Structure formats: structure tokens, C-alpha cells
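Starting from 1, each residue takes its place in the sequence as its number. If you're wondering where the values come from, they're calculated on a predicted model, not measured in any experiment.
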Amino acid sequence: MNIIFHEKSKTFHLFNNEISYIMTVLRNGHLGQLYCGKRIRDREDFSHLLEMCERPMGSYVYDTDRLFSLDYLKQEMPVYGSTDYHAPALEIVQKNGSRIMDLQFVSYSIEEGKPGLEGLPATYTESGEEALTLRIVLRDPLTEIKVELLYTVFEKYSAVARSMRVVNEGGEEVHLARAMSFCLDLPDCDYEWVQLSGSWARERHVKKRRLEEGIQAIGSMRGNSSHEHNPFLLLRRSGADEYQGEVLGLSLIYSGNFLMQAEVDCHRQTRILAGIHPDCFDWKLEAGECFQTPEAVLVYSDQGMNGMSQTFHRLYQSRLARGYWRDKVRPILNNNWEATYFDFTEDKLVSIAEKAKECGVELFVLDDGWFGKRSDDHAGLGDWQANPERLANGITGLAERIEGLGLKFGLWFEPEMVNRDSDLYRAHPDWILHVPGRRESQGRYQYVLDFSRREVVDCIYEMMAKILREAKVSYIKWDMNRSITECYSEGLPADRQGEVFHRYILGVYDLYERLTGEFPQVLFESCASGGGRFDAGMLYYAPQGWASDNSDAVERLKIQYGTSFCYPISSIGSHVSAAPNHQVFRNTPLHTRANVAYFGTFGYELDLNSLSEEEVCQVKEQIAFMKKYRQVLQFGRFYRLKSPFEGNETVWMAVSEDKRTAVVGWYRVLNVVNDAYTRVRLAGLDPALRYRNLRSGTLHYGDELMNLGLITSDATAGQVPAGVKPCTDYESRIYVLEAEEETLL
């Protein structure tokens, strides 16, 4: 790990054992991009990588030089309008209306470790030896705008983190119209673009297409990162797959409006931009003020998509997630929502919890409906006091009864929202995001509180903190069930209304920061009508997130498979729910529901009292299995083996860090008959270790399992004989492989 500046050639080289990132100061003082990819040997001068030629219709910086055009040079901090016609990374509207900038290199510094970003989530280090950070200062001489670019290269991860800070050191106010966290100019477009997209109940499906000339992008203008598009993208070279070939992964650590864009010009050069969505963004910078962008993380892999994913998993699991629960296996929980919805009493909840305790559950969670006048979703949001008609002894009394059973107690909140029928709204109708004199749109009969205002966040914090101070609450499910409309704040003047979207998410981060700071041992789970804000920004405050409101095992194969491209398995909230499923009304076997949910946080979203004795026995076995293997499942190396987007079978697996234990999940959606024999090649095992297949009792060396494969043939390969249990639709199996002492010499 090193950062070298070659003074003579004015070239920066950031590298570790796996990645190199090379930049240079161009002739006009701007910062140029030379290379990003597999680690290469350092040299004094990389200027040969600057290719320039005269092109018809080109515009050139210097009258005497018909080669130097910013339209054809790869840059790190491009601005529009001075020979560059591509989308810029930074756009500042000055007092005279001009948007032209001339960002000259001024200085650089290198520091050990990694600085935090004020008010924003970001990756971090725990010692100076883990990373080096390069700070490059650029300055526009006319406006005296200073830009600080931060680049962090990590010792153990093939990743570079980048963010930008803009400081107005001039005497006049300016407006930021665009401030992208990340820009990378690539020399060609020979990539496949892979994104995670969908909608409510089918989040983070894998979508692919080739890069072509023109612009393609994903983003959100909903005020949250959204169910529709996740703030993550992947670029893979032709021929790259899960285990070989070059891949670039880009993740934005942000939870609000975002844009990720690829612009391929007609000379097949590609510009990648990522950051806060510039539409409806306008940030006023008075003299002396500064603006910090969110952080973006770029991961390089020459070991395919799985190699990229494992880098994100390890980095985000240990150096983005924080606190008491970061490295701990997650408690097995039972949530009452699909068991009762709004129809419950304290005794009914305790009855469900008693059965959960009998089965081995560790945490009981009370979901929506416990507060204010909340008998349905029309009322009560914002009134965070227990409803005495349902909970005569309040949250404190219920928590004591649950704890008395030997369980931990968890509680649902939706702190960013308010119903019109609530005491909070009646007292402060101006506290919602709305435009005076215009219609106020609703979603789920609720409004969005104006978290850009400090007094609103303070009020919600005090109500939540009061409950957490008084009651034994060990877990918080933080929900958010609608996107922002009428994004206007009565707390800001007209020339700052373009700041509301970003200030809102800063308010959310502030509330999280205060609550996690005061209650460090409470486990927070982020939720946004399921997966509407499942992003890296949330992971900084809540080490796990509810992946989707769709808990159907078959649908979850695609959702959890796509989620694993960027996010660690320990962050994926996954539960066993009732059959028929409450979202798609599909009947799936109880064992399949558990076999899918094992690869996540694991829990139950149903009333275990409603199950038969045989099913209760299955649940007890499932919980015992999860307790035994959850360290491997949640914190082991995860491998995608067969994609649910490409066939009838899905296979994935987790391997312990010492490679002595592996858990393989095998799933088939539709049944077949007289079909082929099947096997699947495993990954991540020690080729010299001998593994016992606990399902069959057979022994196999790791090299056999990875090269010949694990046999998964069953009764579908032929005609089912008499006396053999037939397979059905939605079949699944778990294979556990345990290493034995004998090794191959």
C-alpha cells in the first residue's frame, strides 16, 4: 500500500497489492486520469498514457496547440464549457451567471488512515496502518473556489474511496448545481453494465446491457435511494464471469437522490459519474462555507464478479458497519407483523413470544400498531407513546414480560413520518414537507416530516430516546413507507429550497447518529417499506436491513442473489413467513422457506402457535441449525454458483474463514421428471482437505468438489420408483461440508 507523487512528471500513483490508480497534473493545471486497474509496477513517468491528436470540430485550450483538448483527455475533475462537452463532475453557478470553472492544481498531502466525513456515513479505519489518504487541492483563480479531493487506498482491500469537499474562499456567494462524488474516465467502452433494479417486492434484480455510445444511467429522485434502482453498478469486461475476468464495482455511500451514469462518446471513451442527483439540487455556498459530497467506493477485481463482491462484503462488514453488533452473529427473531398486523393485545403478544421462546427464538419484535391511536394506517404516526388500550402497561411493562421469558425485546418505529390524524400533526402542521398553497400528496395516508429542520429531528429524537431510556429495548426496526413529494421546507428561504432533499437525508443520518451513540448496544435494522433504502449509507448506522417486504422464498432467491453483489450476507434481513405467502400467495415448503432465509439474519414472520406439531418440530430443528452455523452463514466467504436469473436452479454457498466448514444452499423452482443427472462445482474450499458431506455421509476432497462438483441428482433424474419420496415444486436442500483431519499429501 502506497501513494507516490513523482514531482518531475507531476504524477500520482495509488496502489496496493491488487490495484493501481494513476493520475497526473495536466499542462493546463487540471487533474488528468491515466489508469485504473490491476496493480502495475511504478515508474517515474506515465505521460505516454496521455494520447492526443487533432480532431475535426475539436475545441482546444491553447491557440498554438491543436492537440490539447479536454474533450478527448481523461480527467479526474472535469468541468463543462472550456473544450469539454461531456457531463461535468462539478458545476457552480457564479453571481454573474457563469458556470465556467478553471480548477488548477495547488497542492497535495498524504496522511495515514482515513478522515471521517462530517455528517455523512463513510468507510473508516481503526489504525493508520490500514490505509493511506491522498488530499489533492484544486483552486479556481477567478472565484477562489477551492476543491479538495480525497482518495483513500486500503491495505487489505482492492478498493479506492473518493469524495469531494468544495470550499467558497471567495467574497461572493455561489450555487452548487452539481457536485459528483466520483468521476472515472475510461479509455474504451468494452464493458457490460450491470445494475440492481426492480420495484417494491422485487428489489435488486440483476439487469445487464452493453455500454454503447450515448448516455445510460440509473438514479432516484424519490428522496430515498429507492426500490427501483440501487446506488451500485458493476462494469465487467467481455468474457468476465463470477470467477474470472476484470470487473469494476462502484458503490455510493448515500441514501438520498442519486445518479450513476455512463457517457460513451463517439470515440468510445467512457465517463462514469456517481453522486447526488443534480436535478432539483441547488446548494447555496456563502463566502467561507463548504460542502461535502458523499463517499463513493470503487472496487477492482481480476477474479470476476464474485471477487468484487467479496471485497465489498469484507470492507463494508468491518469498515463501514460499526459498533457493538458489527462482528456479532445476529439474534434469531420472531416479528409479530404478519402474525397479527394491527390486531393484538399484550397477552396475545406474550402468547406468541412464549411459543417463540419454546422453539429457540432469541428476540421478539413488536411491529406497527403499538402507539397513539394506531388501529390502522390512517392515524398515530408521530405520536410515539404506547396505546394504553392495547398495552395497558406500556412498552416498559411489555418489555419486562418478554425479558422475563428469557427473550430480548424489539420495537418498530417509523420516525420520519406523520399522519394527519395525530397529536404531532395537529400541534405542528408546518412540520411536514409541503408547498404552501398547494395540494399535499399522501402515501400510505401519511406525510413526510421535514427532517431538514433541526427542531423536527430534536422532537422525534426525544420521543424515541425516552422510550429507549425507560424500557428494555434491544432492537429497533426503523421503517420508512413512502417517498418524498412536494419537497419544500418552511424552515428555509427561497434560494435554499434546492438543498432540502440533501438536508433531509442529513437529518436522518443525524437522528441515527444520536440514537446509536446514546444506545450503542441496541441493534438497529433499517427498513423502507422493505428494500426502498437498502444502501451503503444505511449500513453505517444499521448493520442489517430488511431486504424486501416480499418474504416468499422463491422471490427471495432473486432478491437476495442480487443484493449479494454488493452487500454482506450479515446485512440481509431474511425471515420465514406463513404459507400461502402474504405477498404472492404461493405455497412453499417450510424447509425451503428456512433454507433461503438461512443466508441472512434469519427469523420468523408468523405466529408459531398456528403451526402443527410437526411444523413446530421443524422450526426447532431450523433454529438449532442456524445457531450452529450462523457464524459461517453470516460472516463466511459467500459464493454465487448458479443464478436464479439464468435457469430453474439457484445455488450459493458460504465458507468459513479457515475453509473447514461450508454450507451450500441448493434450490429448484419447478419440478422436472426424467431429467439429467446434476452436479454443481463448489468454490472456496481447501483442495487438500477432505470434507464429509453431512447429508450423505460421503467423503470428498476439496479439489474434487470444486472441479468435479457436488452431486445434486435426485428422484427427478428418471421415473420416481415406488417407496421413494417424490420431489415437488419449490424444492431445496442444504448441504453441510465439514473438514476431517486427514489431508492429501
Would you kindly say whether [X] and [Y] are connected by a side-chain donor-acceptor distance under 3.5 Å?
X      : Y      : value
Glu486 : Ser441 : yes
His575 : Glu338 : no
Asp367 : Asn335 : yes
Asp607 : Asn609 : yes
Tyr461 : Glu518 : yes
His591 : Glu731 : yes
Tyr509 : Ser255 : yes
Arg319 : Tyr124 : no
Thr123 : Lys114 : yes
Ser483 : Arg222 : yes
Glu203 : Ser548 : yes
Tyr512 : Arg514 : no
Ser197 : His229 : yes
Glu605 : Ser551 : no
Gln583 : Asn581 : yes
Ser656 : Gln631 : no

Whether over 12 other heavy atoms sit under 6.0 Å from [X] [atom1]:
X      : atom1 : result
Lys373 : NZ    : no
Glu126 : CD    : yes
Glu455 : CD    : yes
Lys620 : NZ    : yes
Glu462 : CD    : yes
Arg438 : CZ    : no
Tyr488 : OH    : yes
Lys627 : NZ    : yes

* Asked: Is the side chain of Asn257 donor-acceptor paired with the backbone N or O of Gly223 at a distance under 3.5 Å, no angle test?
  -> yes
Measuring only between side-chain heavy atoms, which start at C-beta, is [X] closer than 4.5 Å to [Y]?
X      : Y      : result
Gln446 : Arg482 : yes
Glu440 : Thr485 : no
Leu694 : Tyr735 : no

* Taking the inter-plane angle between the rings of Phe371 and Trp412 on a 0 to 90° scale, is it parallel (under 30°), tilted (30 to 60°) or perpendicular (over 60°)? -> parallel
* Measure up the Tyr604 and Phe602 rings against each other and bin them: parallel (under 30°), tilted (30 to 60°), perpendicular (over 60°). => perpendicular
Does the gap between the ring centers of [X] and [Y] come in under 6.0 Å?
X      : Y      : value
Phe565 : Tyr567 : no
His502 : Tyr254 : yes
Phe413 : Trp370 : yes
Phe342 : Trp337 : yes

Heavy-atom pair with the smallest gap, counting every atom of [X] and [Y]:
X      : Y      : value
Arg444 : Asn419 : O-ND2, 4.5 Å
Gly394 : Ala386 : CA-CB, 3.9 Å
His313 : Cys566 : CD2-O, 3.7 Å
Leu523 : Pro543 : CD1-CG, 3.7 Å

* To do: I would like to know whether Phe524 and Tyr541 meet ring-ring contact (aromatic ring centres under 6.0 Å, His included); could you show each step before the answer?
  => CA-CA 7 Å; Phe524 282 79; Tyr541 305 98; 9.5 Å; no
* **The single option from Glu416, Glu525, Glu414 passing side-chain hydrogen bond (donor to acceptor under 3.5 Å, both in side chains) against Trp478** => Glu416
Please say whether the positively charged group of [X], taken as NZ for Lys or CZ for Arg, lies over the ring of [Y], i.e. under 6.0 angstrom from the six-membered ring centre and within 45 degrees of the axis.
X      : Y      : result
Arg503 : Phe451 : no
Lys328 : Tyr324 : yes
Arg556 : Trp546 : yes
Arg204 : Phe534 : yes

* **Lys/Arg-Asp/Glu bridge criterion (N-O < 4.0 Å) met for Asp421, Arg426** => yes
* To do: Any chance you could lay out the ring-ring contact (aromatic ring centres under 6.0 Å, His included) test for Tyr667 and Trp652, step after step, and finish with the verdict?
  => CA-CA 9 Å; Tyr667 314 90; Trp652 54 44; 5.3 Å; yes
* Structure fact -> Rounding to 0.5 Å, atoms CG (Leu363) and CG (Leu333) come to a distance of 5.0 Å
